[in-house]
Amino acid sequence: MLVLNDRDDEVPLSVKVANLLIGKPLATSDAQHEHIGVAAGIPIFGLDGLTSAAYGPEQAMSLLIPLGLIGVQQHLLPIFTAILVLLTILYFSYRQTIEAYPNGGGSFTVASENLGDQAGLLAAAALMIDYILTAAVGVSAGVTALVSAVPSLHPHQLSLCLVILALIVIVNLRGVKESGFVFMLPTFLFVGTLLITVVVGIWHAVLANGHPIPVSAPPPPVPATLQYLTIWLLLKAFASGCAAMTGVEAVSNGVTAFKEPRSQKANQALTVIIAILIVLLAGLSYVAKAYGVTAMDSNDPAYQSVLSIQVAAVFGRGWFYFLTMGSVLAALSFSANTAFADFPRMARAIALKNYLPHVFLLRGRRLLFTHGIYALTGFTALLLIIFRGVTDRLIPLYAIGAFLAFTLSQAGMVKHWIKCKDEKGRHLKMFLNGLGAFATGVTLIVVLVAKFTSGAWITALLVPAIIATMYGIKHHYMRVTSETADTTPIRLTDLHSPIVVIPVARWDKISEKAVRFGLVMSKEVKVVNVQSDVDSGFDETWERMVMAPIREHGIPAPELVTVQSSFRTIVSPLMDYILKLEDDNPGRKVAVLLPELVVQHWWENLLHNQRVQLLKLLLLLRGNQRIIVVNIPWYL
């Protein structure tokens with residue numbers, strides 16, 4: 001067996017740069033070494049959920065601004081108590097999903113296998129929106145944290161978002177394992193600094209009988225415009241706070257990334273993530289109440305995030321403040337990694353059922369489904385540009401997709417336990433998943449109603465549009481399969497050589513290569529030369545350079561066809577001739593040989609006309625099964 005080894009001195013510069021940025025290609029056999037443990041799984045699949053503690057409370061508190069300080073003092077803790085109860089229900093529900101689906105139990109997989117493809121596509125559309133928003137909100141919230149610490153950067157918020165997105169993409173393209181190591185430090189620094197803030201803040205509150213003195217006084221609350229909390233305002237605040245739960249499903253969707261035993265390690269990672277998230281949400285809500293922290297209007301030139309105000313109130317604006325806000329910036333920005341880890345896996349699962357382009361099935365150089373990463377990057381960048389990188393403009397779109405996916409996943413698990421009649425303890429498992437489906441379903445309705453006029457209607461329209469697109473893709477693949485399927489042996493009757501057509505502008509080495517190949521293919525070769533009103537003298541060249549040698553060797557002569565072009569166009573007369581030739585010869589195939597110059601550098605293409613590319617495109621669009629296009633390249 002012949003084995004070819006790559007030589008470093010022959011590697012192009014572009015490949016060396018790619019190796020430096022995203023690492024050298026990994027062999028398929030290296031896939032098992034890319035699996036991760038619990039420690040790496042927390043930043044990869046949990047960073048989105050954990051960092052929601054940095055913006056989730058603020059989203060609820062921003063709705064309580066009309067109540068002034070009373071809104072935080074009296075209503076913030078009850079709202080987040082309800083959210084934490086729902087989060088606990090989801091935790092136990094998804095533990096069972098992970099155990100039941102060790103090969104990945106995302107909402108699309110669970111819903112499609114148990115509730116049918118329609119439910120699966122509904123979950124898939126919701127998850128697509130959710131993952132795109134996860135990436136956009138993560139980057140946007142990270143930059144918001146930076147702007148809070150350095151207000152002078154506020155005019156450059158969008159540019160900073162796009163720069164950080166590019167850095168995250170490069171890190172993710174290096175592979176799951178390496179990205180886990182990169183994100184581990186900012187994750188644990190983020191969790192550590194916030195836990196210290198919570199512990200110290202609560203300790204000071206206890207010592208001061210619930211009324212600690214802030215080191216740096218929070219901005220004064222906006223004067224109250226409402227005296228009482230209305231049901232509508234309560235529902236809107238709860239709906240906004242539910243953004244803190246949008247990353248719960250990520251672990252169940254990425255079970256295959258963990259080392260064996262997959263389900264056990266995935267559940268361990270999920271347990272750590274949820275436990276930390278509960279402590280952070282409850283603790284930060286209490287600190288906000290104790291220190292009298294209220295949300296600020298994001299359009300205020302002196303805007304600060306709630307988290308920035310809280311840390312300053314507990315520690316002041318010293319080194320710990322900047323360490324904490326730096327870790328928040330890094331963690332929030334890198335929380336987009338959760339989407340980059342899960343979106344390509346989900347896209348692959350959907351593509352396996354022909355509802356997305358098959359390009360999402362391909363693994364890239366680092367064993368990633370890189371086309372999923374490219375797609376997510378494009379959509380995220382577009383979303384950030386549309387919303388100018390402002391987080392609170394994205395939040396209304398956020399929770400609907402997540403809770404729709406939660407509900408379908410948990411309903412699918414109920415159906416799963418109904419089918420698994422021999423499963424031990426299935427009635428308890430069915431109850432837990434049923435409770436999860438009911439709780440998330442009710443929350444979905446609340447979020448949809450409360451956030452509908454604030455932008456949730458966009459999600460409500462996007463979901464059916466995405467589903468229709470996926471059905472269109474599925475229909476295309478079904479049509480391709482039905483039209484190209486052939487269960488009969490190869491037909492060896494009516495085999496005829498094609499009529500060969502070779503467009504030639506002048507005689508040179510490129511034309512000679514095409515004509516020589518045409519003479520091998522068929523005895524009926526037509527060389528077509530398009531002439532305008534100026535005689536190019538091609539006939540004399542043809543006689544001297546082609547016909548004389550052919551007569552000397554006694555081989556069938558090709559026919560020179562001269563096509564006149566009154567308006568100096570080339571491609572249109574060629575197309576007309578080829579299509580007429582095909583019409584005049586029913587039952588015969590027409591092989592069009594296109595001589596083509598291939599340059600060494602991309603920019604050199606700008607120095608040559610692209611008539612061959614245009615003719616090739618038109619032949620593919622206007623041709624049929626009897627017209628065959630063959631490239632004849634000449635390499636410089």
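Below, each value reflects all heavy atoms present in this structure, side chains not excepted, and no hydrogens, waters or symmetry copies. Since this is a predicted model, take the numbers as computed values, not measurements. Residue numbers count from 1 along this sequence.
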Just wondering, do [Y] and [X] contact through their side chains at under 4.5 Å, heavy atoms?
X	Y	result
Tyr291	Ile309	no
Ile350	Phe360	no
Leu277	Ser52	yes
Pro212	Leu207	no
Ile89	Thr440	no
Leu127	Asp342	no
Leu281	Pro57	yes
Thr271	Tyr91	yes

Mind checking the [atom1]-[atom2] spacing from [X] to [Y]? Nearest 0.5 Å is all I need.
X	Y	atom1	atom2	answer
Ile44	Phe334	CD1	CZ	13.0 Å
Leu165	Thr380	CG	OG1	6.0 Å
Ile196	Thr324	CD1	OG1	7.5 Å
Thr197	Tyr321	OG1	OH	11.5 Å
Ile466	Leu122	CD1	CG	10.5 Å
Met128	Leu133	CE	CG	13.5 Å

Worksheet item: How are the rings of Phe406 and Tyr94 set to each other: parallel, tilted or perpendicular (split at 30° and 60°)?
Response: perpendicular

Discussion item. Between Ser252 and Thr97, does the side chain to side chain donor-acceptor pair (under 3.5 Å) criterion hold? Intermediate values first, please.
Written reply: CA-CA 7 Å; Ser252 68; Thr97 303; over 6 Å; no

Shortest non-hydrogen contact from [X] toward [Y]:
X	Y	answer
Ala411	Ala437	N-CB, 3.8 Å
Ala330	Pro186	CB-CB, 3.9 Å
Ala349	Thr109	CB-OG1, 4.5 Å
Ile98	Ala266	CG2-CB, 3.8 Å
Phe188	Ala39	CZ-O, 4.0 Å
Val314	Gly201	CG1-N, 3.9 Å

Fill in: Trace of the side-chain contact (heavy atoms from CB on, under 4.5 Å) decision for Arg345 with Asn253
CA-CA 8 Å; Arg345 298 172 188 273; Asn253 218 2; 5.6 Å; no

Exam field: side chain [X] to backbone [Y], donor-acceptor pair closer than 3.5 Å:
X	Y	result
Gln310	Val287	no
Asn433	Gln410	no
Ser409	Ala405	no
Asp130	Ala126	no

Under 6.0 Å from the [atom1] atom of [X], do we count more than 12 heavy atoms belonging to anything else shown?
X	atom1	value
Phe438	CZ	no
Leu461	CG	yes
Phe379	CZ	no

Worksheet entry | side-chain contact (heavy atoms from CB on, under 4.5 Å) evaluation trace for Tyr374 with Leu173 | CA-CA 10 Å; Tyr374 300 150; Leu173 287 173; 4.2 Å; yes

Item to complete: Evaluate side-chain contact (heavy atoms from CB on, under 4.5 Å) for Leu50 paired with Ile42, printing each intermediate quantity in order.
Response: CA-CA 9 Å; Leu50 292 173; Ile42 293 172; 4.0 Å; yes

Worksheet entry | Donor on one side chain, acceptor on other, Thr338 and Tyr131, under 3.5 Å |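 Their side chains do not contain a donor-acceptor pair, so the 3.5 Å distance test is not met.
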
Item to complete: Flag the pair Phe45 / Phe258 as yes when their ring centroid distance falls below 6.0 Å, and as no otherwise.
Response: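 Yes, the ring of Phe45 comes within the 6.0 Å limit of the ring of Phe258, centre to centre.
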
Discussion item. Leu307 vs Glu58, test: side-chain contact (heavy atoms from CB on, under 4.5 Å). Steps then yes/no.
Written reply: CA-CA 8 Å; Leu307 191 58; Glu58 179 167 0; 5.9 Å; no

